[in-house]
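Numbering of ligands and ligand atoms starts at 1, following listing order.
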Amino acid sequence: MPGYNCMQIVAEDLDIVDKTPIKKKIWWPKREEWVNKTQGFAEVQRKGVGDDHGAQYDVIVIGAGHNGLIAATYLAKAGLKTILFERRLEAGGGLCTEEVTLPGFQHNLHSYFHDAVKIMPPMKDLELERYGMRYVCPPVQVGVPLATAKAITLHGDLESTCKSIARFSEHDAKAYRDMHNAYREFIEVVVVPALFSPAAKPSDPFRALEGTPEGMDYLHLSRKSPREVVEDVFDSDIVRAAILFQLTVPRGVVADYKGLGMLVPLMISQVEQSHVAIGGSHSLAHSLWRSYLAAKGSIRGVHEVEKIIIENGAAVGVKIRSVRADDGGSREHGRRQHDRPASDLPPPRRSRTRGRETSSQVDNVRLDEFSFFGVHLALSEAPKFTSAGFDPDMNRALKIGIGIDSVQNILDVYEKVRNHKLPDPAGCTAPCRRSTTRLRRRPECTPPSCGQHVPFRVAGESDDVWDRIGEEYADRCVEAFARYAPNLKKSILKRYVFTPLDIPRKLINMREGGVFMARTSQDQIESFAPCRK
Ligand SMILES: Cc1cc2nc3c(=O)[nH]c(=O)nc-3n(C[C@H](O)[C@H](O)[C@H](O)COP(=O)(O)OP(=O)(O)OC[C@H]3O[C@@H](n4cnc5c(N)ncnc54)[C@H](O)[C@@H]3O)c2cc1C
């Protein structure tokens, strides 16, 4: 296929989407079962605590990001009277798609691609396809153009991935296939269900895994860092770097994070694949709130929860205040301008979490090590990579990693970030090519973004540094990207810079411009999740 034909790719991708009607019968516990199982619920109900509107709620959910919407919908479907407070006008949180450049170019300002779409239970449980959710799964998931004008591509399909790897190392292509075959079933049957279950006791996974050779291998890998695993398994530095790139950009896991080596087989098993929402990531928010409203949940936008009211160690209410509709809607209007007097809205339910314990756990959360800098581009034509001469699939890749010809290149970026220095815009650039409706109507238009992990604070600079240097750093990002795709600069119709400072301006919970709101390190996941009680 000469050049880049987005329409053709979208058509191919649509075939990959599972259009099978959802037939699963969903079981929902009856309300009484929840009440009986929930310590304190009945007691607080007896107290008959009212609210300012005379209504009572079984559950108050704070924040209508996808996590809040999903949790609230499960609870509403179970018959609990549920209300969701969201401080922004729009529901969705990081499912945020906006026309920030030109009309019709709909840019995903936060999440671009969604992993685990096929395997996450809410998709079916909450009937999201019925409520309009449609995804495509790009066949070429990752492209890494190299300084030599060669490239490596990782695909949804194992054979194509191994073919690309074999051009650098036959040994590594075999090692990749072997790891895939060794772990695919194990990850589907053992690991994935655990991802959607309550966190186990630390000893539980050991007990479950130590009985089989695969389980023992998995435990062994979980003692290492991802970098150690790829160095043990693969010979080529190019192959190692391409695999590690997938951990940093979508998952926030840096190659040297000890104890997360088991993520390497998780990626190679290809159980998770990156999907792109048709119409933009915000479409998922639409399907989620449709599902929530159908379950008779209530939602109030432009209401910020200022405080959780604790009485005798139990959460008994929230203090809310209305915020203006334009608060957080755009960078220009990104500051709160007007607050109405607060009102108290108590839920009748006793929280099982002790207030002081929870707040000290929250205080101790270690935030992300890095923030994210983005330049969103409205283009007249898609980037054409020089390295497509070597591997034409480069022009079809969803995520592009530039400047990562070796593992050391990746480590250098994060060393700079840790030292609060600006990395050369080369580490992790991830254009997403097909996230807009405009793209589907006009295949020549693509809205990619260049992104780079950067420090939130820069050594020796004041806190507003990103407001001052954003445009200049965006120039550097575009320059770096254009070295690999020479047509880029002349195709730019308009650009929009989204700096680390803009992240918490839009979503206040993304403190310090963190992408995941907490570091994905071994001491903060699974049984050790910060608010585990
Ligand atoms: C630049 C960037 C790129 C990213 N790219 C990806 C990606 O490609 N793929 C991916 O999977 N993830 C990505 N992420 C991460 C993803 O956006 C988050 O993991 C996700 O948004 C978390 O969802 P959530 O529901 O927990 O929280 P959020 O999406 O942050 O939602 C929380 C909601 O709560 C509201 N809220 C907060 N405090 C209050 C309050 N006191 N009262 C009322 N409402 C409140 C907020 O306004 C917000 O709407 C990216 C993040 C960033 C910043």
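Inclusion of H66 in the set of residues having an N or O under 3.5 Å from an N or O of ligand 1 is warranted. For L95, no nitrogen or oxygen atom sits less than 3.5 Å from a nitrogen or oxygen atom of ligand 1, counting backbone and side chain alike. For H114, no nitrogen or oxygen atom sits less than 3.5 Å from a nitrogen or oxygen atom of ligand 1, counting backbone and side chain alike. On a distance-only criterion, K506 and ligand 1 share no N/O pair closer than 3.5 Å.
Classification of R505 and D467 as a salt-bridged pair holds, one side-chain N sitting under 4.0 Å from a carboxylate O. In summary, R468 and D464 engage in a salt bridge, as defined by a charged side-chain N under 4.0 Å from a carboxylate O. In summary, D125 and K77 do not engage in a salt bridge, as defined by a charged side-chain N under 4.0 Å from a carboxylate O. Of the charged side-chain nitrogens involved, at least one lies within less than 4.0 Å of a carboxylate oxygen, so that R88 and E98 count as a salt-bridged pair.
Short contacts between ligand 1 and R88, defined as distances under 4.0 Å to a heavy atom of the residue, involve ligand atoms 47 (O). For ligand 1, the atoms sitting less than 4.0 Å from at least one non-hydrogen atom of L507 are 30 (O), 47 (O), 48 (C), 49 (O), numbered in the order shown with element in parentheses. For ligand 1, the atoms closer than 4.0 angstrom to any heavy atom of G93 are 29 (O), 31 (O), 48 (C), 49 (O). Interface atoms of ligand 1 facing L109, defined by a heavy-atom separation under 4.0 Å, are 1 (C). Under a 4.0 Å criterion applied to the non-hydrogen atoms of E304, ligand 1 contributes the atoms 41 (N), 42 (N), 43 (C). Heavy-atom proximity to H303, at under 4.0 Å, picks out these atoms of ligand 1: 43 (C). Proximity to F85 (heavy-atom distance under 4.0 Å) selects the following atoms of ligand 1: 43 (C), 44 (N). Every atom of ligand 1 with a heavy atom of M517 under 4.0 Å away is listed here by number and element: 22 (C), 27 (O), 30 (O).
Distances from atom 4 (C) of ligand 1 to the heavy atoms of H110, K399, E86 show the closest one on H110. The closest non-hydrogen atom to atom 31 (O) of ligand 1, taken over P504, G94, G65, A64, comes from G65.
Screening residues 272-285 for salt bridge (charged side-chain N to carboxylate O under 4.0 Å, His left out), with sequence neighbours left out, gives R251-E272.
Partners of N364 by side-chain hydrogen bond (donor to acceptor under 3.5 Å, both in side chains), not counting sequence neighbours: none found.
Remark: R87 CZ to E304 CD distance equals 4.5 Å, nearest 0.5 Å.
Here F113 has heavy atoms under 4.0 Å from ligand 1 in both its backbone and its side chain.
Q524 places no side-chain N or O within donor-acceptor distance of the main-chain N or O of V365, the cut-off being under 3.5 Å. Side chain of R290 to main chain of Y131: a donor-acceptor pair is present (N/O by atom type, distance under 3.5 Å, no hydrogens or angles).
Just one residue in the list I299, T73, L288 forms a side-chain contact (heavy atoms from CB on, under 4.5 Å) with L293, and that residue is I299.
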